[in-house]
Q: 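Below are the structure tokens for one structure; questions will follow.
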Amino acid sequence: MFKAAPEPPAKSRCVEESTAKSREIGSALRRARKRSGLFQADICRGLDWGAPKVSRLESGQRDGSTLDIVAYLARAGTAPAEFDRVKRLAELPANGYDLQRHPENMPDLLPTLDFLHSSAKKIKVYEPRRIPSLLQTEQYAEVMLRANRNPKDPLVKDALQARLSRQEVLKGVRSGFDTTFYIDEVALRDPAMRDVLEEQRLQLMMTASIPHCHVHVIPTDSFDEDFQTAFSFFEDYDKNSALTVHTATAMVVLDEVNDMTPYLRKLNELREIALSARESIQRVNRSQPATNRINHDSTNDHHSKR
């Protein structure tokens, strides 16, 4: 049974003005300025702006006009490729940012996905029937990306590199950083992935030993065959939330509470039916061939259900 979605945290007026799009643009502006060795005061002097305007643009608490964004990027001496990318982002209407198209099964190529991961304090992920992309081995990811594609498609290499690079977020030591992954048990025995599952299961067990990575298995008898939508929830260090919903050819970015509520309810449901961290590791281990099983009896169960 679904539980009520958690109440959204109270936010100040300034934070209410923040959107996922404005925060991504703000992060890009701040990065461009720092790469040029400039201070906010340099931007203010060069553009004759007040300090509050620059600060709010960089923090994502103000939706600047495209002209403001372009002027800032020019003052910061932004490289042409990044200049064009951020300008295009600023020009997108709200629904253009919310729905971002990509080559089939390759959301990895979207810079917004990198931003959401790199700025997150908390991440919760559910990708039905498959291992979540943040936890995939290189071999597993490559099989997934090459499915139904021309073997020589150059985008596979780019998407694979982007996916593996994004996994670096799990190696960070940022204070309070926390990730939770819900994995369908059926993904641990997927016959289509038989050749790469042994290494994948070993990596899952190693990842589960990291204190800020919580891996929970959804047992087969609780698997919901009618729910096929992959999604991820992100909360940053200012308690701003966003949620991505994935189709085969597009990523939808949600940051309105009413839009996120059905997925927050699903996370509550998953939390209730998932195995504990210890039970999940044991279930992953049992799915291994007997000769490759690892004894986890002495492992401390430092994870609770998230």
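Every heavy atom of this structure was used, including side-chain atoms; hydrogens, water molecules and symmetry mates were not.
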Q: Check this for me: Asn150, atom CG, are more than 12 non-hydrogen atoms of other residues, nucleotides or ligands nearer than 6.0 Å?
A: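 It does: Asn150 CG has more than 12 such atoms within range.
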Q: With the threshold set at 4.0 Å, does a side-chain nitrogen-carboxylate oxygen contact exist between Asp84 and Lys87?
A: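 No.
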Q: Is the NZ atom of Lys53 crowded by more than 12 outside heavy atoms at less than 6.0 Å?
A: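 Result for NZ/Lys53: enclosed.
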Q: Could you check whether any side-chain N or O of Asn105 sits under 3.5 Å from a backbone N or O of Leu145, counting only pairs where one atom can act as donor and the other as acceptor?
A: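 Such a contact is absent between Asn105 side chain and Leu145 backbone.
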Q: Atom CD in Glu235, atom CG in Asn240: separation rounded to 0.5 Å?
A: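 Atom-to-atom, Glu235:CD and Asn240:CG are 8.5 Å apart.
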Q: Could you walk me through whether Arg163 and Ser133 pass the side-chain hydrogen bond (donor to acceptor under 3.5 Å, both in side chains) test, one step at a time?
A: CA-CA 7 Å; Arg163 183 170 299 188; Ser133 58; 4.8 Å; no
Q: How far apart are the closest heavy atoms of Tyr182 and Tyr126, and which atoms are they?
A: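 Heavy atoms only, the tightest pair is O-CD1, 3.3 Å.
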Q: Work out which heavy atom in Ala20 is nearest to a heavy atom in Ala242; give both atom names and the distance.
A: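 It is CB-CB, 4.4 Å.
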Q: Is the closest basic N to carboxylate O distance between Lys121 and Asp178 below 4.0 Å?
A: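 The answer is no: the pair does not qualify as a salt bridge.
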Q: Please find the pair of heavy atoms, one from Pro107 and one from Leu113, that lie closest to each other, and give the distance.
A: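 Where Pro107 meets Leu113 most closely, the heavy atoms are O-CD2, 3.6 Å.
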Q: Here's a test for you: under side chain to side chain contact (heavy atoms under 4.5 Å, CB included), which of Asp153, Thr249, Leu109 qualifies with Pro103?
A: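 When Asp153, Thr249, Leu109 are each tested with Pro103, the side chain to side chain contact (heavy atoms under 4.5 Å, CB included) holds only for Leu109.
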Q: Between Asp236 and Asp238, is there a donor-acceptor pair closer than 3.5 Å when you use the side chain of the first and the backbone of the second?
A: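 Present.
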Q: Let me know which of Arg265, Lys266, Arg271 forms a salt bridge (Lys or Arg N to Asp or Glu O under 4.0 Å) with Glu269.
A: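 One option only clears the test, and that one is Lys266.
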Q: Is atom CZ of Arg189 surrounded by more than 12 heavy atoms (other residues, nucleotides or ligands) closer than 6.0 Å?
A: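 Count over threshold, so yes.
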Q: Where is the tightest heavy-atom contact between His102 and Ala250, given as atom of each residue plus distance?
A: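 Looking at all heavy atoms of both residues, the closest pair is NE2-N, 3.2 Å.
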Q: I'd like to know if the side chain of Gln100 and the backbone of Tyr97 have a donor-acceptor N/O pair within less than 3.5 Å.
A: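 Answer holds: yes.
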Q: Around Glu104, counting heavy atoms of other residues, nucleotides and ligands shown, do more than 12 lie under 6.0 Å from its CD?
A: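 More than 12 heavy atoms, drawn from other residues, nucleotides or ligands, come within 6.0 Å of this atom.
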Q: Any non-hydrogen side-chain atom of Ser241 less than 4.5 Å from a side-chain atom of Phe233?
A: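 Yes, their side chains come closer than 4.5 Å.
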Q: Please determine which of Arg30, Arg33, Arg31 meets the salt bridge (Lys or Arg N to Asp or Glu O under 4.0 Å) test together with Glu58.
A: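 Of the listed options, the one satisfying the test is Arg33.
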Q: Can you tell whether the side chains of Glu24 and Lys21 come within less than 4.0 Å, N to carboxylate O?
A: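 Answer for the salt bridge query: no.
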Q: Passes side-chain contact (heavy atoms from CB on, under 4.5 Å), Leu197 versus Leu188? Steps please.
A: CA-CA 7 Å; Leu197 270 178; Leu188 301 175; 5.8 Å; no
Q: For the atom pair OH (Tyr72) and CH2 (Trp49), what is the distance rounded to the nearest 0.5 Å?
A: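 Here the interatomic distance stands at 8.5 Å.
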Q: Does a sphere of radius 6.0 Å around CZ in Phe39 hold more than 12 heavy atoms from other residues, nucleotides or ligands, not counting ones at 6.0 Å or beyond?
A: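 Open.
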Q: Do Asp190 and Arg130 come within less than 4.5 Å of each other through their side chains, counting heavy atoms only?
A: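 With C-beta onward as the side chain, the pair stays apart.
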Q: When you group the ILVMFWY residues by side-chain heavy-atom contacts below 4.5 Å and let the links chain together, are Phe181 and Val169 in the same group?
A: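 Yes, Val169 and Phe181 fall within the same hydrophobic cluster.
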Q: Counting distance only, does the side-chain N/O of His246 pair as donor-acceptor with the main-chain N or O of Phe231 below 3.5 Å?
A: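 Absent.
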Q: If you round to the nearest 0.5 Å, how far is CZ of Arg283 from CD of Glu279?
A: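 Reported to 0.5 Å precision, the distance equals 7.5 Å.
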Q: How close do Ala28 and Arg85 get, counting heavy atoms only, and between which atoms?
A: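 Here Ala28 and Arg85 meet closest at CB-NH2, 4.0 Å.
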Q: Verify side-chain contact (heavy atoms from CB on, under 4.5 Å) between Arg149 and Met106, making sure each step is shown before the conclusion.
A: CA-CA 11 Å; Arg149 303 190 80 86; Met106 290 185 173; 3.3 Å; yes
Q: Does Gln167 reach the main-chain N or O of Gln136 with its side chain, forming a donor-acceptor pair under 3.5 Å?
A: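 Here the side-chain-to-backbone pair exists.
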Q: Any donor-acceptor pair under 3.5 Å linking the side chain of Arg166 with the backbone of Asp114?
A: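 No; zero donor-acceptor contacts below 3.5 Å.
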Q: For the pair Thr179 (side chain) and His212 (backbone), establish whether a donor and an acceptor sit closer than 3.5 Å, ignoring hydrogens and angles.
A: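 Such a contact is found between Thr179 side chain and His212 backbone.
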Q: Atom CG of Leu275 and atom OG of Ser222: how far apart are they, to the nearest 0.5 Å?
A: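 Between Leu275 CG and Ser222 OG, I get 8.0 Å after rounding to 0.5 Å.
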Q: Under 3.5 Å, is there a donor-acceptor pair between the side chain of Thr78 and the main chain of Ala74?
A: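 No.
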Q: With a 4.5 Å cut-off on side-chain heavy atoms, are Gln203 and Gln139 touching?
A: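 Contact flag for Gln139/Gln203 side chains = no.
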Q: Give, for atom CD of Glu91 and atom CD1 of Ile69, the distance between the pair rounded to the nearest 0.5 Å.
A: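 So the gap between those two atoms works out to 11.0 Å.
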Q: Report the distance from atom OG of Ser119 to atom CZ of Phe234, rounding to the nearest 0.5 Å.
A: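 With rounding to 0.5 Å, OG (Ser119) is 8.5 Å from CZ (Phe234).
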Q: For Tyr263 and Leu243, indicate whether the former's side chain and the latter's backbone hold a donor-acceptor pair under 3.5 Å.
A: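 Absent.
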Q: Please check if the side chain of Gln228 supplies one atom and the backbone of Glu225 the other of a donor-acceptor pair under 3.5 Å.
A: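 Here the side-chain-to-backbone pair exists.
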Q: Taking all heavy atoms of Glu185 and all of Val217, pick out the closest pair and write down the distance.
A: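 For Glu185 and Val217, the tightest heavy-atom pair comes out as CB-CG1, 3.8 Å.
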Q: Measure the shortest side-chain to side-chain distance between Leu254 and Asp98 over non-hydrogen atoms and say whether it is less than 4.5 angstrom.
A: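 They are not in contact (no side-chain heavy atoms under 4.5 Å apart), so the answer is no.
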Q: Check the surroundings of atom CZ in Arg174: do more than 12 heavy atoms from other residues, nucleotides or ligands lie under 6.0 Å from it?
A: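 Yes.
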